[in-house]
Number of protein chains: 2
Amino acid sequence: MLKLTRKLEYALIALTHIQGQATEKIVSTKEIAETHRIPLQLLAKILQELAKHDILEAIQGAHGGYRLKKSLDEMNLTALIKILEGPIGIMDCSIDTNCVQLDICNIRKPISRVNDAIISMFDNLTLSEITGI
Amino acid sequence: MLKLTRKLEYALIALTHIQGQATEKIVSTKEIAETHRIPLQLLAKILQELAKHDILEAIQGAHGGYRLKKSLDEMNLTALIKILEGPIGIMDCSIDTNCVQLDICNIRKPISRVNDAIISMFDNLTLSEITGI
DNA sequence: ATTAAATACGACTAAAATAATCGGATATGC
DNA sequence: GCATATCCGATTATTTTAGTCGTATTTAAT
């Protein structure tokens, strides 16, 4: 209930880890997974996703790995969540409209306000504020 | 991901519905369930839970039902969530400490700050602001 | 060239959380 | 006494999330 997913958690841990290394160092998935006890395959897929969205640069082959591609203070938490999880919606009707309630619903507007407030909060939170400047 | 549960949604709908009736009117679970297309049994259990925590007053027997027991502007969203779902934690480590990460974790503090910010936001949101004054 | 170490990626399975149902008990107005 | 409610534990179904598997591809080092 109101939980962020492990995927997001692992992504934040990985970004923090990479940011803690020398700028040019290429960090392998294995290094991160072992340091932080994250399932390797799962982390691999997450990092691939981040690379696909130009947050990380992937270097293939032996001695390959990842480097930061984007400065973390240029991106907010909302953006990261959208990449890994899709749109933020505290209730289903915040995202789509497939709801038996629909017109009957008496809490749609207030819920939508709460949702907006959370998104706005995440909008104003850069990743570097989470990973450490 | 970051979703409130149906239980909470149904509770808010029900409270809104009850608040919309004449103060002394006793509202049955059936009336609410049918109006808002909520599974009867499920709603019943939720209202029982609210009655147990003195948010609603339960009137048993034929023509029974529920009335508001507490003014909705005396209670905030955090309280309602705690009753129906337990403590708010956007990640597991926000609640308990059974985490393989623990000392290794590099994002615990910032996550905890985000969690606190959400709780504080919900603390400042009274139920009457959701259900309508 | 071959091998080892790495990313890339789709398909699948497992586990956990949530949603809903069932069956019976108790209370009460008519 | 019957119809209509709340009450409540146990169970099942559904959905979401987490994790695994298998295989292909890329590249450095030997």
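Chain identifiers are assigned alphabetically (A, B, ...) following the order of the sequence lines, protein sequences preceding nucleic acid strands; residue numbering begins at 1 within each chain.
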Write down the protein N/O and nucleotide N/O pairs, taken from nucleotides 9-16 of chain D, whose separation is under 3.5 Å; answer none if there are no such pairs.
residue: D:dA10; atom: N6; partner: B:Lys45; partner atom: NZ; Å: 2.8

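- A salt bridge links A:Lys25 with A:Glu31; the closest basic N to acidic carboxylate O contact falls under 4.0 Å.
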Report all interatomic pairs (protein N or O, nucleotide N or O of nucleotides 25-29 of chain C) with separations under 3.5 Å.
residue: C:dA27; atom: O4'; partner: B:Gln60; partner atom: OE1; Å: 3.2
residue: C:dT28; atom: O2; partner: B:Ala62; partner atom: N; Å: 3.3

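- We find that A:Lys70 and A:Glu57 are not joined by a salt bridge, their nearest charged nitrogen and carboxylate oxygen being 4.0 Å or further apart.
- Taking the side-chain hydrogen bond (donor to acceptor under 3.5 Å, both in side chains) definition, one finds that A:Asp73 meets it with A:Ser71, sequence neighbours left out.
- A heavy atom closer than 4.0 Å to some atom of DNA chain D occurs in no member of residues 11-20 of chain A.
- Taking each heavy atom of A:Ala11 and A:Ile46 in turn, the nearest pair found is CB-CG2, 3.9 Å.
- Taking only side-chain nitrogens and oxygens, B:Tyr66 comes nearer than 4.0 Å to OP1 or OP2 of D:dC7.
- Taking only side-chain atoms of B:Leu42, from C-beta outward, the nucleotide of D:dA5, C:dT7, C:dT21 with the closest atom is C:dT21.
- Listed nucleotides: D:dG22, C:dG23, C:dA19. Nearest to the side chain of A:Gln41: D:dG22.
- If you check every strand for non-hydrogen atoms under 4.0 Å, A:Leu47 touches nothing.
- In this view, B:Lys69 and B:Asp54 satisfy the side-chain hydrogen bond (donor to acceptor under 3.5 Å, both in side chains) rule, not counting sequence neighbours.
- Nearest to the side-chain atoms of A:Thr5 among the listed nucleotides C:dC9, C:dA19, D:dA18 stands D:dA18.
- Picking from D:dG19, D:dA18, C:dT7 the nucleotide with the shortest atom distance to the side chain of A:Pro39 gives D:dG19.
- Residue B:Thr29 places at least one side-chain N or O under 4.0 Å from the OP1 or OP2 atom of D:dT6.
- Every residue meeting the side-chain hydrogen bond (donor to acceptor under 3.5 Å, both in side chains) condition with B:Thr126, not counting sequence neighbours, appears here in chain and number order: B:Ser128, B:Glu129.
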